[in-house]
Amino acid sequence: MLGNTPPNDELNKPYNPKNHEEKIYKMWEEPGYFNPDRLPVGADQRGNERGPASPKLQRPLRLVGDEARGESTRKTFCITMAPPNVTGSLHMGHALGYTLSDILVRFKRMRGFETLWLPGTDHAGIATQNVVEKELKKQGVSRHDLGREKFLEKVWEWKEKYGHTIIDQLKKLGASADWSRLRFTMDEGYVKAVETAFKHYYDKSWIYQGERVINWCPRCATSLSDLEVEYKEENAEWFEIKYGPLVIGTVRPETKLGDTAIAVNPQDPRYKNLIGQELEIETVLGPAKMKVVGDPKVDMEFGTGAMKVTPAHDAHDFELAEKNNLEKKQVIGPDGRMTALAQKYAGLTVKEARKQIVADLEKKNLLVSRKPYLHNIAVCYRCDTIIEPLLSKQWFLKMKELAQTASDAVKNGQIKFHPHNFAKTYFDWLDNIRDWTISRQIWWGHKIPLDGVSDVLDTWFSSALWPFAALGWPKKTKDLERFYPTNVLTNDRGIINLWDTRMIFSGLEFMNEKPFSNLIIHATVMTREGKRMSKSLGTGIDPLQLIEEYGADATRFALIWQTMGGQDIKWQQESLVAGKKFMNKIWNATRFVLQRTGNSKFEVRSLKQTQISENKDVINKFDVTKKTVTDLIESYEFGPALHLLYDFFWHDFCDKYLEQTKKLNDEETGSTLLYVLTGSLKLLHPFIPFITEILWGKLPVPNKKFLIIESW
RNA sequence: GGGCGAUUAGUUCAAUGGUAGAACGCUGCAUUCACAUUGCAGAGGCACAAGUUCGAUUCUUGUAUCGCCCACCA
């Protein structure tokens with residue numbers, strides 16, 4: 001079988017990953033070792049051969065999938081891969097997260113579990129639509145020129161062409177995911193899952209349509225959830241404006257055209273006697289009448305203590321208006337321009353209107369003061385455009401009960417966060433939950449399954465179903481039965497509430513069972529200075545370049561080497577050097593052992609009778625190391641596990657024992673060398689899979705399989 | 001504003017209620033017999049203050065600095 005042969009080139013002096021990695025990956029993938037249905041079972045008793053592995057030594061695979069199911073008693077282990085965006089390319093955060101998953105998956109596979117790492121990609125609504133729109137723009141075409149149907153065709157075309165980029169990159173990293181099960185959050189079965197989920201909520205009356213003030217991105221022309229809004233500091237101006245007998249402050253004078261009331265704190269001695277009165281107020285649009293309402297949320301200390309109420313353009317004011325039955329005047333439209341209600345300002349952009357209105361206020365002698373003011377502005381997380389809070393009709397999902405079940409599942413220990421601290425982020429969000437705006441006014445996404453609605457669902461609505469939808473739900477598939485609930489999920493802390501929380505309540509709602517037992521929140525890779533890596537700031541490091549230059553093993557080594565107890569990694573290029581050197585050490589130690597044991601009758605298993613105390617020492621030390629490393633991986637302490645292995649292999653095995661054996665030349669030392677080396681390669685394999693597999697192929701081990709499927 | 005975490009060698013990080021370790025870097029020596037991507041040796045460090053303790057880098061409290069998350073003040 002093509003690619004099923006270990007590389008038979010000689011072990012040249014310097015280790016060069018480039019010569020090997022691609023070949024090795026094919027050797028794993030083609031026989032189906034990533035696929036739990038095609039894993040060989042049990043030990044093969046046939047061979048007594050020693051010496052380097054030959055392809056003949058590979059025994060035929062016995063299937064453990066559907067065919068052997070009845071008799072299979074092996075336990076399963078499943079991770080559903082956090083599906084990267086189809087628009088994505090691998091960044092350091094991915095590289096770390098996926099390496100961690102791969103370590104666990106390889107470890108469990110070697111421990112004899114039916115192991116599935118289920119991969120997929122996410123359609124990433126707004127992100128993907130933006131990418132394709134940008135492409136079209138180069139040709140001078142907008143999506144509106146094309147129309148919805150044609151535009152969607154273009155997006156699919158784009159997806160077919162570029163959507164696998166990140167998958168190819170994951171393979172370079174060594175990810176042992178079962179690509180034969182690859183899913184996409186908009187593939188046929190997944191559409192069915194989303195529809196089923198929507199219908200379920202709808203029938204429960206948890207999905208409703210309503211008019212609310214939502215976050216609106218004028219550029220993307222869509223609503224956004226609170227979690228999709230980011231804040232930026234901006235130097236603005238603070239205006240104080242005469243409001244009849246009162247003075248109110250604002251940074252956005254243009255929204256005052258939509259004011260329908262004034263709010264004061266009922267405790268405020270200055271104003272409380274005004275509550276309930278209707279004031280005659282001179283505005284830039286002439287005289288207006290405005291009611292004064294009392295609300296304890298008004299901060300007496302802030303500004304003048306009197307607050308204008310703009311129900312159509314502020315979420316809090318909206319609530320106030322609901323409570324007090326106030327009129328809602330929409331003066332800014334979805335295009336970011338003033339509406340007809342703004343009268344003479346209609347058609348102006350927000351910015352233009354502000355300038356004009358301030359000038360008019362001055363003319364009318366209504367502007368009391370203006371001064372520089374530093375504040376936070378809300379911007380779109382995708383395109384950085386300033387968010388306009390707008391009154392808009394959207395679909396919402398009621399969160400109260402879902403939040404409760406999600407909260408309970410973590411409180412009662414069904415689902416564990418690692419590190420546990422992050423559960424706090426989760427509880428805080430759930431405790432202050434608001435209904436989820438699930439509709440988006442873009443074209444690329446899951447259509448809301450109701451007649452006559454052109455909106456699509458928030459991307460996260462579909463991702464929320466991932467752990468079971470990717471296993472086949474709503475169909476009752478064997479995979480679903482076999483692998484759900486999954487064991488572990490790994491991702492960055494940035495999406496705890498965007499994604500993890502929503503998977504948890506979705507799993508509990510649709511499967512009556514948690515989606516995973518352990519949630520590993522991995523470190524964030526920062527720059528050496530401790531700043532966020534960001535493409536736009538040019539502070540990012542491309543893991544593919546590292547793989548190209550140092551090899552996947554050294555890159556994985558460097559990532560894990562720096563993953564210690566703390567949460568952030570300040571990326572150090574030096575750990576790559578350490579990794580590269582370590583690879584070389586392993587390579588050469590193996591060459592040495594082969595020189596000592598090649599063409600001989602050394603047996604891996606004969607060493608237990610050894611009488612030589614030096615041998616005992618190294619063997620005992622190895623056994624302890626093995627036990628500790630196993631425990632560390634089980635408790636997700638990957639960095640310490642790797643440090644321990646490094647220390648043992650380099651300083652105990654190479655520096656001490658290997659040097660000693662140069663003076664001796666008997667069978668016991670040869671066997672001991674083999675015992676410790678082969679054992680070490682196994683322990684190292686999950687971390688640095690390529691080099692260990694190559695070297696494994698060279699060692700005289702009886703009944704040898706590929707290392708990836710050897711027993712731990 | 002609220003929360004979480006960090007502060008240890010030149011740098012990035014460990015460990016620890018009683019001699020503080022690693023990697024990379026640095027200095028010296030050695031070796032070409034697995035590896036110069038080497039070996040051996042060496043220099044070099046617990047943010048500050050108070051408390052608990054026989055004893056604190058470790059526990060408690062406070063201060064300072066830094067980072068991250070959440071909220072968002074009209």
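FYI, side chains are in, hydrogens and waters are out, and symmetry mates aren't considered; it's all heavy atoms of this structure.
Rounded to whole Å, the P atom of B:A43 lies 13 Å from the corresponding atom of B:A20. Nucleotides B:G25 and B:C13 are separated by 15 Å at their C1' atoms, to the nearest Å. Going from the C1' atom of B:G51 to that of B:U58 covers 15 Å, rounded to whole Å. Between the P atoms of B:A9 and B:U57, the separation comes to 15 Å (whole Å). For the C1' atom pair drawn from B:A49 and B:A64, the interatomic distance equals 11 Å after rounding to whole Å. On the P atoms, B:U12 is 22 Å away from B:U16, given to the nearest whole Å. The gap from the P atom of B:A23 to that of B:G39 amounts to 10 Å, rounded to the nearest Å. To the nearest whole angstrom, the two P atoms, one in B:A71 and one in B:A14, are 29 Å apart.
The base of B:C72 is paired with the side chain of A:Asn376 by a donor and an acceptor separated by under 3.5 Å. The base of B:A23 does not come close enough to the side chain of A:Gln562 for any donor and acceptor atom to sit less than 3.5 Å apart.
Between A:Phe653 and A:Phe622, the ring center distance fails the sub-6.0 Å criterion. Note: A:Phe417 and A:Tyr426 meet the aromatic proximity criterion, with ring centroids under 6.0 Å apart. Between A:Trp587 and A:Phe690, the ring center distance fails the sub-6.0 Å criterion.
Proximity of A:Lys581 to the phosphate of B:C24: a side-chain N or O atom is located under 4.0 Å from OP1 or OP2. Of the side-chain N and O atoms in A:Trp429, none sit less than 4.0 angstrom from OP1 or OP2 of B:C69. Taking 4.0 angstrom as the limit, A:His375 places none of its side-chain polar atoms (N or O) nearer than this to OP1 or OP2 of B:C72. Between B:G39 and A:Lys656, no contact under 4.0 Å exists linking OP1 or OP2 to a side-chain N or O. Using a 4.0 Å cut-off, no side-chain N or O of A:His643 falls inside it from OP1 or OP2 of B:C13. In terms of phosphate contacts, A:Arg528 brings no side-chain nitrogen or oxygen within less than 4.0 Å of OP1 or OP2 of B:C13. Dashed line: the shortest gap from a side-chain N or O of A:Tyr373 to OP1 or OP2 of B:A74 is under 4.0 Å. Considering only side-chain N and O atoms, A:Lys585 lies under 4.0 angstrom from the phosphate OP1 or OP2 of B:G39. Listed pair A:Lys570 / B:U11 fails the phosphate criterion, with no side-chain N or O lying under 4.0 Å from OP1 or OP2. The phosphate of B:A23 (OP1 or OP2) has a side-chain N or O of A:His651 nearer than 4.0 angstrom. The phosphate of B:G5 has OP1 or OP2 within less than 4.0 Å of a side-chain N or O from A:Asn421.
At the heavy-atom level, A:Arg252 lies nowhere under 4.0 Å from the strands shown. Among the protein residues, A:Gln573 comes within range of no part of the nucleic acid, since none of its heavy atoms lies under 4.0 Å from any strand. Nucleic acid contact for A:Ser575: none, since no nucleic acid atom lies under 4.0 Å from a heavy atom of the residue. When heavy atoms are screened at a 4.0 angstrom cut-off, A:Gln572 is found touching base atoms of the nucleic acid. Residue-level contact check: A:Val298 touches the bases, meaning some heavy atom is under 4.0 Å from a base atom. As judged by a 4.0 angstrom heavy-atom cut-off over every strand, A:Leu658 is placed among the base-contacting residues. Across all strands shown, A:Tyr646 has heavy atoms under 4.0 Å from sugar-phosphate atoms exclusively, and none from any base. Within 4.0 Å (heavy atoms only), A:Ala589 reaches at least one base atom of the nucleic acid.
Here the side chain of A:Met526 is nearest to one of B:C13, B:G67, B:C72, namely B:G67. Of the listed nucleotides (B:C68, B:G39, B:A34), B:G39 has the atom at the smallest distance from the side chain of A:Asp655. Nearest nucleotide to the A:Ala578 side chain, out of B:C35, B:C69, B:A23: B:A23.
For the pair A:Glu230 CD and B:C70 P, the interatomic distance rounds to 9 Å; values are reported in whole Å. With rounding to whole Å, A:Leu645 atom CG is found 18 Å from B:A22 atom P.
Mapping A:Val577 and A:Glu659 onto RNA chain B by nearest heavy atom places A:Val577 at the nucleotide closer to the 5' end.
Between A:Asp295 and A:Lys323 there is a salt bridge, since at least one side-chain N of the basic residue sits less than 4.0 Å from a carboxylate O of the acidic one. Remark: A:Lys627 engages A:Asp631 in a salt bridge, criterion side-chain N to carboxylate O under 4.0 Å. Using a 4.0 Å cut-off between charged side-chain N and carboxylate O, A:Arg252 and A:Glu388 make a salt bridge.
A donor-acceptor distance shorter than 3.5 angstrom exists from the side chain of A:Asn324 to the backbone of A:Leu320, with no hydrogens or angles considered.
Ring-plane geometry between A:Trp436 and A:Phe505 is classed as perpendicular, the angle between the planes exceeding 60 degrees on a 0 to 90 degree scale with a lower cut at 30.
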